[in-house]
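Heads up: the structure comes next, in structure tokens.
These numbers come from the heavy atoms of this one structure, side chains and all, not from hydrogens, waters or symmetry mates. Treat the numbers as computed from the prediction; the structure is a model and nothing was measured.
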Amino acid sequence: MAGPITALARRASLALRLAETWVHRPRTPTRLVLDITRRCNLRCAMCRTWEAPSAGELTAAEILGIIDQLPGLCWLDVTGGEPFLRADAGELLRAIAVRGRALQVLHFPTNGWFSARTIAATRGILEARDDLEVIVTVSVDGPPALHDRIRGRAGAFDRAIATFRGLRALTEDPRLKVYVGTTISADNHEHLDALEAALAAAIPGFGGRAWHYNWLQVSGHFFNNQGVAAPPPPERLVHRHLGRRGIPRDLVDLMELVFLVNREFYNRGEAAGVPCQALRSAAFVSPEGDLYPCHVYDRPLGSLRERTFAELWADPATLEARADIERLACGGCFTPCEAYPALAGAPVATLRQTSRRLLTLAGEAIGQR
């Protein structure tokens, strides 16, 4: 088990990796979202990834070959579909942890249906590396009946809660962080108080600090959910969630606070004001090995089955896409998958925007007394 000195060293190493991207574009990404399957056992109202045709998932060997090409990769998000529908998911995650020696943070979401596989895989990652932070997000989108309806399968809520509780039993290891992740959609944005009560009843000691908010995003190459209705801009929804979470206690808490503060003002109609890091320090890889700027911008840049990561990363088409992102030709967004690297990659803009917005929120709170 890692002690406080080891944890501090990990933080320092991560900060140094991120600091490199403040001054230049690295030769390969430092942060990656890796989609390992389109398959899913649920039929969610806001996601149709399971309907998308696939030209064949990357094999474990191909995935590890990609990891080997990213010597500066310090943050990896492994996603799906449901990752644990892959029979090799546990072995693959462990191998990624071992092969990705620069990795400081490994995150993966799950719908929680496959509790035993998820818990065993998480334990295996922790055993494989004593210097890696592991973050697991278990998706829960409403109180039991609503969650099961949104997710399209009876029993989905109970399975997710069982997985969360099983993972939390491993959290005597400080390297592991386990969260409930809720995607705000037109189906549930009016039911979050009921969800909070359901989570508190089902998970002893559960609090807002372990509850992460996401927002429904439309993406052809990831969610395959074109045409899905987005929720109306929530009034003070983020503001209330900030109150639930309280003062940050660690780096992940701090990042969530900064994200939520800026998301509150994005919901109010302000521009994010923090430059996106897609194709500067971050990227997205599809289950078939195609490189994209991110999980939202549907702009394929080439196949990693045909070319190396370094070749695609330096290709003129990739650099042109990066230039379009800088001038917001992509449309812009502020969802966690892209906001977190943006906030970490642009510290001056982040500090300026977050400080101003925190002062505004404090003034509003005083005015309401």
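Annotation: E270, atom CD; neighbour count of heavy atoms from other residues, nucleotides and ligands within 6.0 Å is above 12.
Annotation: salt bridge (Lys or Arg N to Asp or Glu O under 4.0 Å) contacts involving residues 32-58, sequence neighbours excluded, comprise R38-E288, R39-E57, R48-E51, E57-R86. Listed by first then second residue, pairs satisfying salt bridge (Lys or Arg N to Asp or Glu O under 4.0 Å) with a partner in residues 22-31 read R31-D77, not counting sequence neighbours. Residue pairs meeting the ring-ring contact (aromatic ring centres under 6.0 Å, His included) criterion with at least one partner in residues 95-122, sequence neighbours excluded, are F84-F108. The salt bridge (Lys or Arg N to Asp or Glu O under 4.0 Å) analysis of residues 202-229, with sequence neighbours excluded, yields the pairs R209-D253.
Note on ring orientation: taking the six-membered ring where Trp is involved, the planes of H241 and W211 are perpendicular (angle over 60°, cut-offs 30° and 60°).
Residues satisfying the ring-ring contact (aromatic ring centres under 6.0 Å, His included) criterion with W50, sequence neighbours excluded, are absent altogether. Applying the ring-ring contact (aromatic ring centres under 6.0 Å, His included) test to Y292 and every residue at least two apart in sequence or in another chain returns H221. The salt bridge (charged side-chain N to carboxylate O under 4.0 Å, His left out) check on E190 picks up nothing, with sequence neighbours excluded. Listed by chain and number, the residues in a salt bridge (charged side-chain N to carboxylate O under 4.0 Å, His left out) with R249 amount to none (sequence neighbours excluded). For C47, the side chain to side chain contact (heavy atoms under 4.5 Å, CB included) partners at least two apart in sequence or on another chain are C44, T49, F223. Contacts of Y266 classified as side-chain hydrogen bond (donor to acceptor under 3.5 Å, both in side chains), with partners at least two apart in sequence or in another chain: none. A search for side chain to side chain contact (heavy atoms under 4.5 Å, CB included) contacts involving C294 returns A278, V296, Y297, E338, not counting sequence neighbours.
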Under 3.5 Å, which donor-acceptor pairs do the side chains of residues 120-127 form with other protein atoms, sequence neighbours left out?
from	atom 1	to	atom 2	distance (Å)
T122	OG1	T118	O	2.8

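A cation-pi arrangement, defined by a distance under 6.0 Å to the six-membered ring centre and an angle within 45 degrees of its axis, is present between R268 and F265.
Across all their heavy atoms, R299 and P293 have their closest contact at O-CD, 3.3 Å.
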